[in-house]
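Below: the structure, in structure tokens.
Quantities reported herein were computed from a predicted structural model and do not represent experimental measurements.
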Amino acid sequence: MRNRRKRDRPLWRIAALAAAVAAAAAVAPGAEAATRLFIVNHVSSNDVRHVAPWGGRLAIATGGGLVLADTASAAISKVLRASGALPSDNLLAVVESPSGLLWIGTADRGMARLRPDGTSLRTLTSFDGLPTDRVQAVVRSGDSLWVATSGGVALFTEAPSNGQFSLRRSDSRASTAGAIVSDDVTSLAVWGDTLWIGTGGGISTFAGGAWAARPGVSTARVQALTVARDTLWIGTKTGLLAYAGGAVSARGGTVETLSLATIGSSVLQGTVSGPTLHEPSGAATSLGTGGLVTSGIQAAAVTPTGRMLVGTNAGLASFAGGAVPWQMIPFPGPVVNGGSRIAANARGAWVSLGNAAPPGGESGNVLHYDGAAWSRLTAASTGGNLQASGLIALFASSDGRLWMGHCCSAGIGGARPRTDRWDPATDTWDIPAAYNMVDFAEAPSGRIYGAGVQLENGVYVFDGASAALLDSLTPDNTGGGLTRNNLRGVVFDTAGRGWFATADNGVDRWDGRGTDTHADDVWTHFASGFPNVQTTAIAITGSGDVWVGTRAGIARIAGGSVDAATTFAVNTQLGAVSVNALAVDAEQGVWIATADGLTRVGETGAIERFDVTDGLASSDVLALAWDGGRRVLWALTAGGVSEIHPDFSNRFSFDDGSYVYPNPATAATTVVRLGGIGGELRGEVRDLSGARLHTFRADPTATSIWDLRDAKGDPVAPGIYLVVIRQGDLSRVLRLAVTR
């Protein structure tokens, strides 16, 4: 019924139907079925490995996908695995092919190929003749492309007219009787009619159809090659070499070289300690590291206009000279991928980085996405209010404050991993008297409970308003009711009972009976029937069912006992995997995060699996948070943050909370968007006479619907316009004012 096509209705019929949408949206039309995910991935692309010109753009291979920088407008765009254009976001090399394609070497999935219009061709893998699927370098030679892999080298030819390729040869140390001195081919350079390859064991060449080892040139690990006029420059693990006229000379000492690029007759050298410019005369000039976040130059490049660029594990920078010679070129996205916990509130998504630190930074960071851009909190940016130590626990309380738990060390004094609380609305910081926190939860009473690790005593109890420490629950003062002081999670049910997941002994349930007296407390222990008593996460549904993540699957507690049937059914699908996180959505579905992706268990028991092939930034899902206000599941993965808008089959994609913005649309408005939608829909824009000006499709990740132009492409006149949104047989009319 919902997907049956109907002819366009007159406007009076549309308006009449629109009045029924709000009521109809609350009705579940049929049984639970597949959940569709609309995903926006927020990926750090700051780990820059290689840069090459491609048409009027720079193509930048990173550990977070392909970045394209327009050389005229400086506009930045990304191509990620989730779009289907790449087989992997872990990229190592890029080059423009004879037909104008971009060949993209990945670290684990072979060679991707991209057309200028953004569409992709079939990925080349070991099936097509690559020695391995780790492509470490690629170089063009006429109509051919040499590809360096971790298992040897391959030669492809490409037809410039249509991009069709053919494999000419695939060679390794074994197939060349050692003439290729190592299968770990790291770098390539074409010098005259000779191919030079750098490997983990030195240099080899290919000329006249034959391979030859060149121990007289270098036997050190080669990490970069480039040619500048009559000289081959060789960057090795132990320094820089110049080979010319049959002789080798050392340049610039023994500092490790990571990358090389030619600028005229000079060479830009990227080392572990910064960039250096080498002149043909032998002079070397340090270009300094001012402005760089980190000094390891793992990519060196020169634009067609002669601008020098360097790539580090903290981003791309351009040389400007002066007191601060390098200017960072910011890419959209979080500063790094991965982390410990993720939380969500009205101000957006928040990520704690655990014990990791961004390149060039310090530990104790919180990343923030406000709906438009990413930023981060550090000890420095907060004037020392945020402690610079590992930040594990992260919790957004109902009053909008963030509770941040540092962990895990038995240190004393100011270095002890403490707890910080911050109010973003007032920029007020508190230091609650708690240490080594791993999780927080808010009870119906408004109190905040913090779960500690083995270095602390158990559970801390705080006043939700003042953050004052009120009490604690420990194995000692609860008479063993709390069976461990080493915890992994805490949740509260609507009756005010606390559920504490222990590190190695199942779950303890605490009923405080509404008093602060421990003598009348009731404790219940759950462990029998768990797939493993080492717990990792805990969550509770609105109906009171408790879900427990363990090192070997999940356990469901319903009605005061372990639900063996559901536990078995889910674990049969899930496997004996460690659960990283749990979350409950508005439909009472339970989301289970593991290193193999996401699993959702619906309220009726339907089980669905999702991974990177469904659009996640990575299948290794580390943490989850459900944003009830926006109906968004935030998934922190090893490859970035996935902003997931689930479209449940028993919901409609719009309701009376859907809206169009900006409204009114002014002369400064370039595009009108839809807000408050939960799934895919279609619609049209009409004027008040009923004439259709524009049709569109939208979903939570594609909200742009109109550029304020009519069917001829001309700007519309000021006035009132009707935006009709449809899903199946249902529609709703939104009014939009346009001013000029």
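Between the side chain of K237 and the main chain of L258, no donor-acceptor pair closer than 3.5 Å is present. Panel note: side chain S126, backbone L130; no donor-acceptor pair is recorded below 3.5 Å. Between the side chain of S619 and the main chain of V612, a donor-acceptor pair closer than 3.5 Å is present. Judged by distance alone, with hydrogens and angles left aside, the side-chain atoms of R81 form a donor-acceptor pair with the main-chain N or O of P87 at under 3.5 Å. Distance alone, capped at 3.5 Å, is enough to place a donor-acceptor pair between the T106 side chain and the G110 backbone.
Between S389 and S363, the side chains place no donor N or O within less than 3.5 Å of an acceptor N or O (distance only, hydrogens not considered). Side-chain contact, N41 with S642: a donor N or O sits under 3.5 Å from an acceptor N or O. Side-chain contact annotation: T262 with T226, donor-acceptor N/O pair under 3.5 Å present. Between the side chains of S259 and Q298, no donor N or O sits under 3.5 Å from an acceptor N or O. Side chain to side chain, D108 and S88 meet the donor-acceptor criterion of an N or O pair below 3.5 Å. In the model, W103 has a side-chain atom that pairs as donor or acceptor with a side-chain atom of E158 under 3.5 Å. If you check the side chains of E279 and S281, you find no donor sitting under 3.5 Å from an acceptor. S618 and D620 are not linked by any side-chain donor-acceptor pair at a separation below 3.5 angstrom, with hydrogens and angles left out of the test. Side-chain atoms of W374 and H42 form a donor-acceptor pair, as typed in the model, at a separation below 3.5 Å. In this structure, a donor-acceptor pair under 3.5 Å is absent between the side chains of Q223 and T186. The closest side-chain donor-acceptor pair between S286 and T276, if any, does not fall under 3.5 angstrom. Using a 3.5 Å distance cut-off with no hydrogens or angles, the side chains of S144 and S141 do not pair a donor with an acceptor. Remark: the T119 side chain and the D117 side chain contain an N/O donor-acceptor pair separated by less than 3.5 Å.
Taking 4.5 Å as the limit, every side-chain heavy atom of F610 sits out of range of all side-chain heavy atoms of I644. The closest side-chain heavy-atom distance from L616 to L598 is below 4.5 Å.
Between D47 and R49 a salt bridge is recorded (basic side-chain N to carboxylate O distance below 4.0 Å). With salt bridges taken as basic N to acidic carboxylate O contacts below 4.0 Å, one links D128 and R122. The residues D614 and R609 are annotated as not salt-bridged, no charged nitrogen and carboxylate oxygen being separated by less than 4.0 angstrom.
Using cut-offs of 30° and 60° for the angle between ring planes, the W233 and H278 rings count as tilted.
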### Message
I'd like to know whether T194 forms a side-chain hydrogen bond (donor to acceptor under 3.5 Å, both in side chains) with T205, so could you lay out the CA-CA distance, the side-chain angles of the two residues, the decisive distance to 0.1 Å, and finally the verdict.
### Response
CA-CA 7 Å; T194 302; T205 59; over 6 Å; no
The test is side chain to side chain contact (heavy atoms under 4.5 Å, CB included); show your working for Y369 and E643 and say whether it passes. CA-CA 11 Å; Y369 179 66; E643 177 187 343; 4.0 Å; yes
inquiry  = Please evaluate residues N355 and I392 with respect to the criterion side chain to side chain contact (heavy atoms under 4.5 Å, CB included), reporting the C-alpha separation (whole Å), side-chain torsions for both, the decisive distance (0.1 Å), and the verdict.
reply    = CA-CA 7 Å; N355 288 315; I392 305 297; 4.1 Å; yes
Exercise for the section: Could you please spell out the steps behind the side chain to side chain contact (heavy atoms under 4.5 Å, CB included) verdict for T231 and Y243? Expected result: CA-CA 6 Å; T231 302; Y243 178 70; 5.8 Å; no
Next item on the list: Take D611 and T613, measure what side-chain hydrogen bond (donor to acceptor under 3.5 Å, both in side chains) needs, and give me the verdict at the end.
Entry: CA-CA 5 Å; D611 59 21; T613 63; 2.4 Å; yes
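For E362, the CD atom is densely surrounded, since the number of other residues' heavy atoms within 6.0 Å is greater than 12. Applying the 6.0 Å contact sphere to CZ of R251 captures more than 12 heavy atoms from other residues, nucleotides or ligands. For E256, the CD atom counts as densely surrounded, since its 6.0 Å shell holds more than 12 non-hydrogen atoms of other residues, nucleotides or ligands.
Every residue two or more places apart in sequence or in another chain was checked for a salt bridge (charged side-chain N to carboxylate O under 4.0 Å, His left out) with R173, and none qualifies. For R168, the salt bridge (charged side-chain N to carboxylate O under 4.0 Å, His left out) test picks out no residue, with sequence neighbours left out. Not counting sequence neighbours, W54 has no partner by the ring pair (Phe, Tyr, Trp, His ring centres under 6.0 Å) test.
Among N46, T62, T294, the single residue meeting the side-chain hydrogen bond (donor to acceptor under 3.5 Å, both in side chains) criterion with N313 is T294.
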